[in-house]
Amino acid sequence: MSSAMGLKAYAAVDLGASSGRVMVGRVDPDRLELTEAHRFPNRPVRTPEGLRWDVLALYAGVLDGLRAAGQVDSVGVDSWAVDHGLLDADGALLGNPVHYRDARTEGVARKVWATLPAEELYAATGLQYAPFNTLYQLVAASGTAQFAQARRLLLIPDLLTYWLTGEQGTELTNASTTQLIDPRTRDWSYEVADRLGIDLALFAPLRRPGDPAGVLTPRVLEETGLAGPVRVTAVGSHDTASAVAAVPASGERFAYICTGTWSLAGLELTAPVLTEESRAANFTNELGLDGTVRYLRNIMGLWLLQECVRAWGEPDLGGLLLAAARVPALRSVVDAGDAAFLAPGRMPERIAEACRASGQPVPASPAEVTRCILDSLALAHRRAVEDAQRLAGHPVDVVHVVGGGTRNALLCQLTADACGLPVVAGPTEAAALGNVLVQARAHGLVGDLAQMRRLLVRTQSLTRYEPRGGTERWRAAEARLADR
């Protein structure tokens with residue numbers, strides 16, 4: 001079908017923390033069209049052992065999506081970071097992958113730091129502290145019967161790629177979130193692994209975006225009705241790496257915010273920032289396309305609103321945002337990066353408790369809580385963009401917002417106001433577009449990262465938000481949080 005249309009067709013399997021989708025991108029040097037073939041929920045399951053991903057349901061959704069996509073020239077898989085499946089000596093999965101919000105890593109970081117101090121760990125890997133980093137998950141798992149049986153560890157997109165192709169690999173952009181990669185060499189940090197007793201033989205060989213990752217197996221072809229051979233291409237398999245590749249920027253003076261369950265706010269650099277000041281500010285250095293570094297801060301993101309909406313019985317989001325826009329600005333703000341908001345459950349009450357503890361007005365209605373969340377996210381975006389510029393010595397003129405948050409016009413406008421910079425919002429399906437573009441580049445249809453971005457500017461719908469008013473009130477709100 002794709003050749004008859006004069007376009008190549010690529011299936012992007014894009015798995016987020018709350019839903020998965022299979023998108024089909026059709027590409028030639030002057031066109032980039034993206035359509036949704038299939039969307040399916042991603043519902044973690046709380047078992048007696050803890051919080052787990054239902055990876056079999058995700059794989060079934062992927063197969064359904066490939067069946068709905070029709071004939072394609074290649075497939076690429078991206079997902080959230082850090083989580084993984086363990087395989088036994090026969091290549092069989094040992095239980096459902098543990099969810100990064102599971103409690104098993106509580107207190108593990110301090111155990112690690114007793115052997116390898118946090119300062120030395122950051123200087124070696126450049127990765128921010130997050131309690132769920134793969135490194136801490138591995139230390140938490142050590143000594144368990146399941147881990148003793150494990151002969152291979154595959155990050156989530158690599159696990160699904162293995163099931164599609166029968167071939168194992170570890171894609172680099174996602175591997176860089178494990179806290180076991182040296183961002184300077186773009187290879188494993190053998191010293192860190194050695195000092196912490198982690199066997200790097202657990203990991204399959206490293207792959208880079210654009211590398212071949214096999215072909216769909218005969219069984220998968222039968223399941224999906226596709227005619228082989230269908231190639232599978234390694235993409236930026238951390239969804240943020242794919243999303244940043246799809247930032248429609250020109251030049252280097254830009255910041256980005258990848259919005260969704262998380263907000264990832266930062267800069268694209270050519271070298272990591274490994275200073276102690278950077279560590280103290282909790283910035284991370286993850287690897288991107290073409291030798292780039294994603295220098296960013298993790299912010300809790302729209303997870304705060306998603307959990308509130310769930311607690312409120314799924315009210316109409318559009319009406320909720322309209323009501324929130326009428327609530328006075330910056331009455332109350334919380335630290336949207338606070339780990340206190342990481343676990344699911346009771347989110348409206350926890351936000352109210354944080355406001356009460358800091359002596360601010362306590363939001364009562366859903367509209368007031370929603371406004372508090374959006375003001376807090378915009379404030380966190382402002383802090384991340386300002387801190388990144390200062391720490392990296394890299395000034396910016398514009399902020400690009402990509403991902404699901406681009407649908408939230410109020411959040412985009414508040415981000416422009418808070419940063420005092422224009423915000424360009426779009427594309428919404430940035431991770432899927434970045435996934436598709438890396439596949440297209442591997443097949444010779446597009447050129448370097450700058451050419452990929454020019455194609456995005458020509459073909460995608462973008463909305464520009466100009467900052468309103470000064471940033472003084474945002475500085476005052478920032479000071480309110482600092483005084484807690």
Side-chain angles (χ1 to χ4, degrees), residues 15 17 42 44-56 58-59 79-118 120-122 124-125 127-163 168-171 174-181 188-206 237-238 284 286 298 339 342-344:
L15 303 178
N42 183 3
V45 180
R46 192 168 292 283
T47 71
E49 294 76 37
L51 194 61
R52 301 293 184 266
W53 294 106
D54 189 353
V55 73
L56 297 183
L58 292 178
Y59 184 58
S79 85
W80 69 94
V82 305
D83 290 335
H84 52 272
L86 297 173
L87 307 182
D88 68 13
D90 294 326
L93 182 67
L94 291 165
N96 288 300
V98 180
H99 195 294
Y100 61 81
R101 295 188 195 274
D102 184 79
R104 71 171 174 164
T105 55
E106 289 179 4
V108 170
R110 298 204 174 278
K111 178 180 174 183
V112 168
W113 297 339
T115 301
L116 184 57
E120 293 181 37
L121 185 57
Y122 189 86
T125 66
L127 214 68
Q128 67 174 7
Y129 165 68
F132 46 70
N133 287 347
T134 314
L135 173 64
Y136 303 133
Q137 294 195 36
L138 293 179
V139 173
S142 64
T144 64
Q146 185 187 73
F147 196 71
Q149 292 181 64
R151 296 296 178 269
R152 178 67 81 213
L153 181 153
L154 293 177
L155 298 166
I156 295 297
D158 298 322
L159 174 62
L160 295 175
T161 298
Y162 168 55
W163 283 346
Q168 298 178 0
T170 304
E171 192 279 317
N174 211 11
S176 73
T177 71
T178 63
Q179 208 157 19
L180 289 165
I181 290 283
W188 297 112
S189 179
Y190 296 96
E191 180 188 357
V192 167
D194 184 58
R195 289 178 66 178
L196 295 175
I198 293 171
D199 183 6
L200 291 175
L202 267 177
F203 291 88
L206 288 172
S237 73
H238 183 197
T284 202
E286 299 169 359
N298 272 314
L342 182 63

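Numbers for residues simply follow the sequence, beginning at 1. As the structure is a prediction and not an experimental result, all values here were calculated from the model.
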TODO: State whether the side chain of S176 and the backbone N or O of E286 hold a donor-acceptor pair below 3.5 Å, judged by distance alone.
DONE: no
Open item on the list: Keeping N96 on the side-chain end and L56 on the backbone end, is there a donor-acceptor pair under 3.5 Å?
Closed with: no
Task: Side-chain donor/acceptor of R101 to backbone N/O of L342, under 3.5 Å - done: yes
Open item on the list: Any heavy-atom pair between the side chains of L200 and Y190 that's under 4.5 Å?
Closed with: yes
- [ ] On the 0 to 90° scale, with breaks at 30° and 60°, tag the W53-H99 ring pair as parallel, tilted or perpendicular.
- [x] parallel
- [ ] Please lay out, stage by stage, how S237 and E171 fare under the test side chain to side chain donor-acceptor pair (under 3.5 Å).
- [x] CA-CA 6 Å; S237 73; E171 192 279 317; 2.6 Å; yes
Open item on the list: Out of the candidates V192, V82, T134, L121, only one should pair with Q179 under the side-chain contact (heavy atoms from CB on, under 4.5 Å) rule; please name it.
Closed with: L121
Task: Flag, side chain of T170 to backbone of A204, donor-acceptor distance under 3.5 Å - done: yes
Task: Side-chain (R152) to main-chain (A201) donor-acceptor, under 3.5 angstrom - done: yes
Open item on the list: Just verifying a value: how many Å separate L154 CG and W163 CH2, rounded to the nearest 0.5 Å?
Closed with: 9.5 Å
- [ ] Apply side chain to side chain contact (heavy atoms under 4.5 Å, CB included) to L94 and list each qualifying residue two or more places apart in sequence or on a separate chain.
- [x] L86, D88, Q146, Q149, A150
Task: With sequence neighbours excluded, residues passing side chain to side chain contact (heavy atoms under 4.5 Å, CB included) with I198 - done: L135, L138, L180, A193, L196
Task: Sub-4.5 Å side-chain heavy-atom contact between L159 and L93 - done: yes
- [ ] Apply side chain to side chain donor-acceptor pair (under 3.5 Å) to the pair T47 and E49, showing each step before the final yes or no.
- [x] CA-CA 5 Å; T47 71; E49 294 76 37; 3.2 Å; yes
Open item on the list: Return the CG to CZ distance between L116 and R195, rounded to the nearest 0.5 Å.
Closed with: 4.5 Å
Open item on the list: Given 3.5 Å as the limit, does a donor-acceptor pair link the side chain of D83 with the main chain of Y100, or not?
Closed with: yes
Task: Separation between CD1 of I181 and CH2 of W188, rounded to the nearest 0.5 Å - done: 4.5 Å
Task: Sequence neighbours excluded - side chain to side chain donor-acceptor pair (under 3.5 Å) pairs with any residue from residues 103-116 - done: R104-Q137, W113-Y136
- [ ] Could you tell me which non-hydrogen atom of L202 sits nearest to which non-hydrogen atom of R151, and how far apart they are?
- [x] CD2-C, 3.7 Å
Task: Minimum heavy-atom distance between P97 and G85, given as atom pair plus value - done: CG-CA, 4.2 Å
TODO: Check for a donor-acceptor pair, side chain of Y59 on one end and backbone N or O of L160 on the other, with a separation under 3.5 Å.
DONE: no
TODO: Give the minimum heavy-atom separation between A141 and F147, together with the two atoms involved.
DONE: O-CB, 3.4 Å
TODO: Would you check if L15 and N42 make a side-chain contact, meaning some heavy-atom pair closer than 4.5 Å?
DONE: no
Task: Main-chain N/O of L51 paired to D102 side chain as donor or acceptor, under 3.5 Å - done: yes
- [ ] State, yes or no, whether a side-chain contact exists between Q168 and L87 at a heavy-atom distance under 4.5 Å.
- [x] yes
Open item on the list: Could you measure the distance from the NE2 atom of H84 to the CG atom of L153? Nearest 0.5 Å is fine.
Closed with: 4.5 Å
